[in-house]
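The model shown is predicted, which means the values in this text are computed figures rather than measured ones.
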Amino acid sequence: MLNVAVLISGTGSNLRALLEAAAAPGFPARVIAVGADRDAEGLAHAADFGIPAFSVPFRAFESREAWGEELATQLRAWSPNLVVLSGLMRLLPPAVVREFAPAIVNTHPAYLPEFPGAHGVRDALASGASQTGASVIQVDDGVDTGPILAQERVAIEPGDTEESLHARIKPVERRLLIDVVRRIAAGDLDLSTSAHPAH
Ligand code: GAR
């Protein structure tokens with residue numbers, strides 16, 4: 001059984017989908033802890049599933065590095081086999097990436113390397129592109145620059161707003177994330193090799 005820790009910042013709807021998938025009989029991974037960089041609304045999903053939750057408020061620390069040290073201490077206590085960033089809107093300090101790599105993955109609401117960063121949906125819409133997408137990547141020290149593990153296109157419809165487009169992207173993200181976690185847990189996807197074909 002693969003033990004997964006999930007980090008969030010917001011509503012945690014993708015986290016909830018992963019919790020539901022992992023609760024199904026036969027799923028080869030389980031969520032063992034959920035953490036956040038703030039008092040995130042999505043921490044309530046962990047409580048619903050009886051899973052421990054913790055918060056390491058970014059603003060309570062003097063530096064990103066100090067925050068990262070405490071975050072790593074909290075994560076380490078659960079000895080996760082995989083760390084999933086599911087809407088964590090903070091860049092992890094290099095020391096945290098180093099400690100948990102290669103087993104850290106991140107979901108992103110765009111077809112990377114297009115539209116990286118904190119406003120992937122807004123930036124895609126503003127670009128005038130006719131399509132964007134969803135990606136699951138391995139985390140490295142860059143901003144959404146790690147190897148792509150899975151991705152899929154999503155059409156941008158006339159009249160789309162950031163909200164309507166994001167609402168169509170999220171179900172795709174959820175499906176990709178659950179599939180990536182399943183493949184890692186089943187041994188079909190090896191994060192210790194450097195490059196991975198997207199599918
Ligand atoms: C998701 O779309 C996730 O990809 C995005 O935040 C959303 C979280 O939604 N993450 C990023 O943009 C990271 N750059 P949720 O809290 O409802 O799961």
Q. With distance as the sole test, does Asp144 use its side chain to make a donor-acceptor pair with the main-chain N or O of Gly117 at under 3.5 Å?
A. yes
- Item | Min side-chain heavy-atom separation Glu173-His166 under 4.5 Å | yes
Applying ring pair (Phe, Tyr, Trp, His ring centres under 6.0 Å) to Phe58 and not counting sequence neighbours gives Trp67
Checklist entry - Would Leu7 end up clustered with Ile32 when hydrophobic side chains under 4.5 Å apart are linked, directly or stepwise? => result yes
One should read off an interatomic distance between Glu163 CD and Arg122 CZ, to the nearest 0.5 angstrom, of 9.0 Å
Derivation of the side chain to side chain contact (heavy atoms under 4.5 Å, CB included) call for Val56 and Asp37
CA-CA 5 Å; Val56 182; Asp37 65 327; over 6 Å; no
Are Pro57 and Arg38 packed together at the side-chain level, in the sense that at least one heavy-atom pair is separated by less than 4.5 angstrom? no
Look at the side-chain heavy atoms of Ile, Leu, Val, Met, Phe, Trp and Tyr, link any pair under 4.5 Å apart, and say whether Val83 and Leu191 land in one connected group. no
One should read off an interatomic distance between Leu88 CG and Asn106 CG, to the nearest 0.5 angstrom, of 8.0 Å
Residue set satisfying side-chain contact (heavy atoms from CB on, under 4.5 Å) with Ser130, at least two apart, ordered chain then number -> none
In this structure, CG of Leu19 is separated from CZ of Arg30 (nearest 0.5 Å) by 13.5 Å
Open item on the list: Taking the side chain as everything from C-beta on, heavy atoms only, tell me whether His108 gets closer than 4.5 Å to Gln151.
Closed with: no
Do Val6 and Leu91 sit in one hydrophobic cluster, given that two such residues count as connected whenever their side-chain heavy atoms are within less than 4.5 Å of each other, even indirectly?
no
How about Gln138 and Leu149: do any of their side-chain heavy atoms sit closer than 4.5 Å?
-> yes
Note: Val96 and Ala72 closest approach over all heavy atoms is CG2-CB, 4.3 Å
Check: Val34 main-chain N/O paired with His45 side-chain donor or acceptor under 3.5 Å:
no
Rounded to the nearest 0.5 Å, the CG atom of Leu176 sits from the CD1 atom of Ile148 at a distance of 11.5 Å
Salt-bridge present (Arg153, Glu114; N to O < 4.0 Å):
yes
Heavy-atom closest pair (Val139 atom, Val97 atom, distance to 0.1 Å) is O-CG1, 4.0 Å
- Check whether the side chains of Ser86 and Asn14 place a donor and an acceptor atom closer than 3.5 Å, and report yes or no. no
- Query: Taking the side chain as C-beta and beyond, is there a heavy-atom pair between Pro28 and Met1 under 4.5 Å?
  - Reply: no
Ion pair check, Arg16 and Asp48, cut-off under 4.0 Å: yes
- Query: Is there a donor in the side chain of Asp39 and an acceptor in the side chain of Ser55, or the other way round, less than 3.5 Å apart?
  - Reply: no
Taking every heavy atom of Ala103 against every heavy atom of Asn81, the minimum-distance pair comes out as CB-O, 3.2 Å
| Yes or no on side-chain hydrogen bond (donor to acceptor under 3.5 Å, both in side chains) for Ser13 and Arg174, after CA distance, side-chain angles and deciding distance? | CA-CA 9 Å; Ser13 64; Arg174 288 171 198 149; 2.8 Å; yes
In short, Ile8 meets Ala40 closest at the heavy-atom pair CD1-CB, 4.0 Å
Is it the case that more than 12 heavy atoms not belonging to Glu157 sit under 6.0 Å from its CD atom? yes
| message | Does any part of the side chain of Ile137, heavy atoms only, come nearer than 4.5 Å to the side chain of Val105, both counted from C-beta? | response | no
Rounded to the nearest 0.5 angstrom, the CG-CZ distance for Leu92 and Arg98 is 12.0 Å
From CA spacing to verdict: side chain to side chain contact (heavy atoms under 4.5 Å, CB included), Thr73, Leu71
CA-CA 5 Å; Thr73 299; Leu71 185 70; over 6 Å; no
field: Joint cluster assignment, Leu85 & Val31, ILVMFWY side-chain distance < 4.5 Å
entry: no
What one should report as the nearest heavy-atom pair of Leu43 and Gly35 is CD2-C, 4.2 Å
Could you check Asp179 against Arg183 for salt bridge (charged side-chain N to carboxylate O under 4.0 Å, His left out), going step by step and ending with a plain yes or no? CA-CA 6 Å; Asp179 189 52; Arg183 284 196 282 137; 3.4 Å; yes
Distance col, row Thr132:OG1 vs Ile169:CD1, nearest 0.5 angstrom, shows 5.0 Å
According to a hydrophobic-cluster definition based on side-chain heavy atoms being under 4.5 Å apart (Ile, Leu, Val, Met, Phe, Trp, Tyr only), do Leu2 and Ile178 belong together? yes
query: Under 4.0 Å between a Lys/Arg side-chain N and an Asp/Glu carboxylate O for Arg168 and Asp160?
result: yes
Original post:
Looking at side-chain heavy atoms only, is the closest gap between Phe115 and Val121 below 4.5 Å?
Top reply: no
Shortest non-hydrogen pair, Val172 vs Ala134, comes out as CG1-CB, 4.0 Å
Contacts of Ala33 meeting side-chain contact (heavy atoms from CB on, under 4.5 Å) (sequence neighbours excluded), chain-then-number -> Phe54, Trp78
| query | Does the side chain of Gln131 come within less than 4.5 Å of Tyr111's, by heavy atoms? | reply | no
field: Derivation of the side chain to side chain contact (heavy atoms under 4.5 Å, CB included) call for Asn3 and Leu82
entry: CA-CA 6 Å; Asn3 289 332; Leu82 177 69; over 6 Å; no
* Might you work through the side chain to side chain contact (heavy atoms under 4.5 Å, CB included) test for Phe27 and Val181, ending with a clear yes or no? => CA-CA 10 Å; Phe27 195 83; Val181 171; 4.1 Å; yes
